[in-house]
Amino acid sequence: MNIPIQNIYYLLCYAWDKLQEGEIVSVSPENCQTTAELFARVMDSGVTHLLKRGLDRDYISEEVETSSLRGKFDVTTTIKKNLLRKSRVHCVVDSFSYDVTHNRIIKATLRNLLRCRGLNRDLRDRLLRLYRRLHDVSDVKLSLKDFNNVQLHRNNAWYGFLLQVCRLIYDNLLINEETGDSQFRDFLRDERQMARLFENFVFNFYRQEQTEFKVKSELLRWEGVNATIEDKQFLPNMRTDVSMDSATRKIVLDTKYYKDSLQSFHGNSSVHSGNLYQLFAYLKNFYLKNIQDGDTRPIEGILLYPTTGQSLSLNYEIHGHSIRIVTLNLDTSWKEIRQQLLNILEPNPLKLTQPVLENPKL
């Protein structure tokens with residue numbers, strides 16, 4: 001799926017819930033030719049902005065051997081090393097330093113990008129200047145532990161956007177240990193990674209860009225099941241990607257990310273059967289739950305697929321439930337993508353009948 005570079009940037013900003021920070025970083029994504037160039041420009045602009053604001057500092061503990069007491073006197077280590085004979089002591093000193101984990105991650109990411117093939121010389125030179133300006137920060141080999149150890153708070157929350165970019169680069173930059181060169185993996189081909197990204201993008205878009213519905217993800221229990229507690233434990237969990245509630249409507253939206261929006265069998269195209277069964281199970285269980293709660297709102301289901309080719313808009317009424325299968329064209333302007341997403345919330349044009357249950361007391 002060939003998604004324009006500028007749209008990838010918008011998807012990431014929404015998916016990470018960092019739209020405001022993403023707008024501050026001026027990268028002109030429409031001028032980028034590759035994802036590697038896009039993220040290099042983001043790091044260039046983001047780190048430049050960060051340096052203007054001032055790098056974050058924090059107290060870090062450092063163990064030193066000194067001839068005078070400083071910080072906390074470590075008696076045990078001093079005796080163990082027999083330092084008193086040398087007129088020295090072992091101390092633990094807290095210093096206010098730029099050498100904190102989040103700055104180390106940024107510096108290491110800049111270093112890895114400098115080794116990336118395909119970046120133009122001007123961009124590489126700008127990254128190198130930024131790298132050298134972080135002279136008070138240690139140059140470390142990144143690991144997942146570094147990202148997990150980051151602690152952000154109100155005063156350094158702006159780091160969150162850049163650290164998300166750093167993590168994406170870390171996950172997708174393939175480094176040759178022998179030559180030191182690196183190459184950016186096309187993460188757009190990774191359906192599992194893109195499925196998470198697309199789901200988060202849609203969730204945060206609707207949370208920010210409309211006010212009619214409250215947006216959340218819901219854990220749904222199986223209704224009308226007669227089984228022992230032990231047997232019920234083996235039923236799979238049902239969690240919606242996006243649930244939207246208003247005073248008069250409830251929408252269950254399930255996002256999927258496939259190369260092809262339809263499945264093929266013996267030359268015939270159809271909706272992905274597993275996706276449709278899953279959505280229908282959500283609708284039936286929500287309906288049973290709402291009967292018990294006295295909630296009379298209609299429950300609508302939407303399967304949403306991204307596409308850069310054939311568009312799809314299918315409308316059904318199945319057992320009295322509105323079900324729509326629609327695509328979101330990502331190969332267009334961002335203004336048009338935004339309008340497509342808002343239009344999806346329009347009611348199903350089919351005239352719906354009320355669902356009928358054989359035993360509504362279940």
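In this chain, residues are counted from 1 in sequence order. All values below were derived from every heavy atom in this structure, side-chain atoms included, with hydrogens, water molecules and symmetry-related copies excluded.
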Is the number of heavy atoms from other residues, nucleotides or ligands within 6.0 Å of [atom1] ([X]) greater than 12?
{"X": "Lys214", "atom1": "NZ", "answer": "no"}
{"X": "Asp293", "atom1": "CG", "answer": "yes"}
{"X": "Arg133", "atom1": "CZ", "answer": "no"}

Salt bridge check, [Y] against [X]: does any charged N sit closer than 4.0 Å to a carboxylate O?
{"X": "Arg221", "Y": "Glu223", "answer": "yes"}
{"X": "Arg126", "Y": "Asp122", "answer": "yes"}
{"X": "Glu65", "Y": "Lys81", "answer": "yes"}
{"X": "Arg324", "Y": "Glu317", "answer": "no"}

Sole candidate of Lys107, Arg57, Arg104 that passes salt bridge (charged side-chain N to carboxylate O under 4.0 Å, His left out) when paired with Asp99: Arg104
Derivation of the side-chain contact (heavy atoms from CB on, under 4.5 Å) call for Glu218 and Val252: CA-CA 10 Å; Glu218 292 182 274; Val252 179; 5.8 Å; no
Scan side-chain atoms only and decide if [X] and [Y] contain a donor-acceptor pair under the 3.5 Å cut-off.
{"X": "Ser243", "Y": "Thr240", "result": "yes"}
{"X": "Asp94", "Y": "Ser61", "result": "yes"}
{"X": "Lys335", "Y": "Gln340", "result": "no"}
{"X": "Asp241", "Y": "Thr255", "result": "yes"}
{"X": "Asp295", "Y": "Tyr287", "result": "no"}
{"X": "Gln193", "Y": "Asn172", "result": "yes"}
{"X": "Tyr14", "Y": "Glu209", "result": "yes"}
{"X": "Tyr10", "Y": "Gln6", "result": "no"}
{"X": "Glu300", "Y": "His321", "result": "no"}
{"X": "Tyr159", "Y": "Asn103", "result": "yes"}
{"X": "Gln208", "Y": "Asp17", "result": "yes"}

Could you check whether any side-chain heavy atom of [X] comes within less than 4.5 Å of a side-chain heavy atom of [Y], counting everything from C-beta outward?
{"X": "Leu314", "Y": "Val326", "value": "no"}
{"X": "Asp44", "Y": "Leu130", "value": "yes"}
{"X": "Leu38", "Y": "Thr34", "value": "no"}
{"X": "His102", "Y": "Cys166", "value": "no"}
{"X": "Leu328", "Y": "Phe198", "value": "yes"}

Heavy-atom donor-acceptor pair, Asn200 side chain to Arg196 backbone, under 3.5 Å: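 Pair found, side chain donor or acceptor close to backbone of Arg196.
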Donor-acceptor under 3.5 Å (Asp146 side chain, Ser143 main chain):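 Present.
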With sequence neighbours excluded, residues passing salt bridge (charged side-chain N to carboxylate O under 4.0 Å, His left out) with Asp171: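 Partners of Asp171 by the salt bridge (charged side-chain N to carboxylate O under 4.0 Å, His left out) criterion, ordered by chain and then number, come out as Arg167.
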Residues forming a side chain to side chain contact (heavy atoms under 4.5 Å, CB included) with Gln210, sequence neighbours excluded: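 Gln210: side chain to side chain contact (heavy atoms under 4.5 Å, CB included) contacts with Tyr206, Glu212, Phe213, Val215, Leu342, Leu345.
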Ring center gap for Phe147 and Tyr170 short of 6.0 angstrom: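 They qualify: ring centres under 6.0 Å apart.
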Common cluster, Ile5/Tyr9, ILVMFWY with side-chain heavy-atom separation under 4.5 Å: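 Same cluster: Ile5 reaches Tyr9 through Ile, Leu, Val, Met, Phe, Trp or Tyr contacts under 4.5 Å.
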Stepwise side-chain contact (heavy atoms from CB on, under 4.5 Å) test for Val47 and Tyr131: CA-CA 9 Å; Val47 176; Tyr131 174 83; over 6 Å; no
CA sep, side-chain torsions, deciding dist, call: Leu11, Trp334, side-chain contact (heavy atoms from CB on, under 4.5 Å): CA-CA 10 Å; Leu11 260 65; Trp334 177 251; 4.3 Å; yes
Pair Leu283-Phe286, side-chain contact (heavy atoms from CB on, under 4.5 Å): steps then yes or no: CA-CA 5 Å; Leu283 298 181; Phe286 267 122; 5.7 Å; no
